[in-house]
Amino acid sequence: MDWTDDGIVLGARPYGEGSIIVSLLTRERGRHAGLVRGGGSGKSRGTYQPGNFVRASWRARLSEHLGNYSCELLTAQAAGHMDDPLKLSALSAACAVADGALPEREPHPAVYEGLLALIELLEGEFWPAAYVKWEIGLLADLGFGLDLTRCAATGMNDQLAYVSPRTGRAVSLSAGEPYREKLLKLPGFLIGSGGFGQADILDGMEMTGHFLDRHVFGLQNQPLPAARARFLDRLKQSATISGGGTIP
Amino acid sequence: MLGPEIERLIQLLSRLPGLGPRSARRAALQLLKRKEALMLPLADALATAAATVRTCSVCGSFDTQDPCGVCADERRDPTILCVVEEVADVWALERASAFKGRYHVLGGTLSALDGVGPEDLNIPSLVRRASDPAVTEVILAMDATVDGQTTAHYITDRLAGANVAISRLAHGVPVGGELDYLDDGTLTTALKARRPV
């Protein structure tokens, strides 16, 4: 059987001497791995860099086989961010999170479209906020959506300031104040108020990291990907994220 | 039906890069046919290399002496360190004869997929070497891949405290390359790294 689909390269690991096993996030088939013969050669290595957008043809005798990919590079996104450590680490982190979090061969079109949009947004200014929103979308698509519409305690939707680390529901400033040490901070840009400066982005990353760890990676007895931790470290060091502005 | 000794020879040869079972069979046949001229000298060379070649305690390259020939050579510029991923990269740069400084072999790159972290690489010794006042420049000669460049950025951060200039290899159009045949990624980086003439 065979099919052709567009996909985003999530990663590639060597197989044998010159071949690689590529993990793609495809539009219609979700995360799907396949063997690329000769993919480790200098000539085609550039195609299989995380974040690159490819048109992939997959072929195998039976659908449950690993199968062989042949890919045509459509957009070399990775190459555009090689010189920017923060964007490169964000790209690596997004690909590593998607690769570790998504089940194989299960369509997740919203995550695919979100990742595609995030990669395109890396060219612009507001991508850190988009990254946090993409992780929230990933959690929602995996069945662990956060409820940030109203306070879990009062039912009101004003002055939401915290998120319960247990339920993933928003908590208002007044209701959460006695428990603020235990609650996660809810950055304003996620509920349509406030800017997205460095502190807001870090709050958002801490929140999504908690739920990714609790609901996704923790269940697999895996830590959060090292690439995400490196991205978080870089975010903390970075002073280039501007505050204010509107949510992308 | 082959004897177990020949089977074992073929099996070991087939583990070498570039050789599969069939080509290993041909190589074994050649060795057996040219026993005096090829097989015995090869066996001798293998035994000698196995007994004498070691990893340089300074740079991580291979040589029969420790420190290796490059690290011990006083004619090489001690002020410039070239950081590479593997020993093969040292050999490639030496083949080009374009670099007269000293090397540092990391032993790989940071890789999210393969679980390679900073603790798996030869980075602490690089920081120590770069902190030597005699060293003035560190060249990051990593692959132009996401993992390679992620490693380069990580090393740049780690060397922030050392008083050295940090540079990296250029990315762009290869010598003899035609624009029409270059992939999009190479063209993008070449345009970004353009320089005045």
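Every chain is numbered from 1 and lettered A, B, ... according to where its sequence line falls, protein lines coming before strand lines.
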Where on [X] is there a heavy atom nearer than 4.5 Å to chain B: the side chain, the backbone, both, or neither?
X       : value
A:Leu74 : backbone
A:Pro85 : both
A:Ala93 : neither
A:Asp83 : both
A:Arg45 : side chain
A:Ala96 : side chain

Which one, [options], leads in non-hydrogen pairs under 4.5 Å with chain B?
options                             : value
A:Thr47, A:Asp233, A:Asn52, A:Leu88 : A:Leu88
A:Arg228, A:Glu17, A:His81          : A:Glu17
A:Ser89, A:Cys95, A:Gly80           : A:Gly80

*asked:* If we count only N and O atoms by modelled type, under 3.5 Å, do the side chains of A:Ser44 and A:Ser41 hold a donor and an acceptor together?
replied: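 Looking only at side-chain atoms, A:Ser41 and A:Ser44 do form a donor-acceptor pair, the distance falling under 3.5 Å.
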_Nearest heavy atoms of B:Ala28 and B:Leu9, plus distance in Å_ = CB-CD2, 3.9 Å
*Over all heavy atoms of both residues, which pair between A:Val9 and A:Gln49 is shortest? Give the atoms and the distance, please.*
CB-O, 3.5 Å
*asked:* For A:His32 and A:Trp3, take the angle between the two ring planes, folded into 0 to 90°, and tell me which bin it lands in: parallel under 30, tilted 30 to 60, perpendicular over 60.
replied: perpendicular
*Parallel, tilted or perpendicular, as decided by the 30° and 60° cut-offs, for the rings of A:Trp134 and A:Tyr131*: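 Correct class here is tilted.
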_Contact class of B:Ala152 relative to chain A, heavy atoms under 4.5 angstrom_ =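 For B:Ala152, there is no contact with chain A at all, as no heavy atom is under 4.5 Å.
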_What part of B:Thr188 gets within 4.5 angstrom of chain A, counting heavy atoms only: side chain, backbone, both, or neither?_
side chain
*Quick check: are there more than 12 heavy atoms from other residues, nucleotides or ligands sitting under 6.0 Å from CG of B:Asp73?*
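Above 12, so yes.
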_Crowding at CZ, A:Arg105 (>12 non-hydrogen neighbours, <6.0 Å)_ =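 Check passes, neighbour count above 12.
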*asked:* Among B:Thr150, B:Leu191, B:Asp157, B:Leu110, which residue has the highest count of heavy-atom pairs closer than 4.5 Å to chain A?
replied: B:Asp157
*Salt-bridge criterion met for A:Asp5 and A:Arg29 (N-O under 4.0 Å)*: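 So A:Asp5 pairs with A:Arg29 through a salt bridge.
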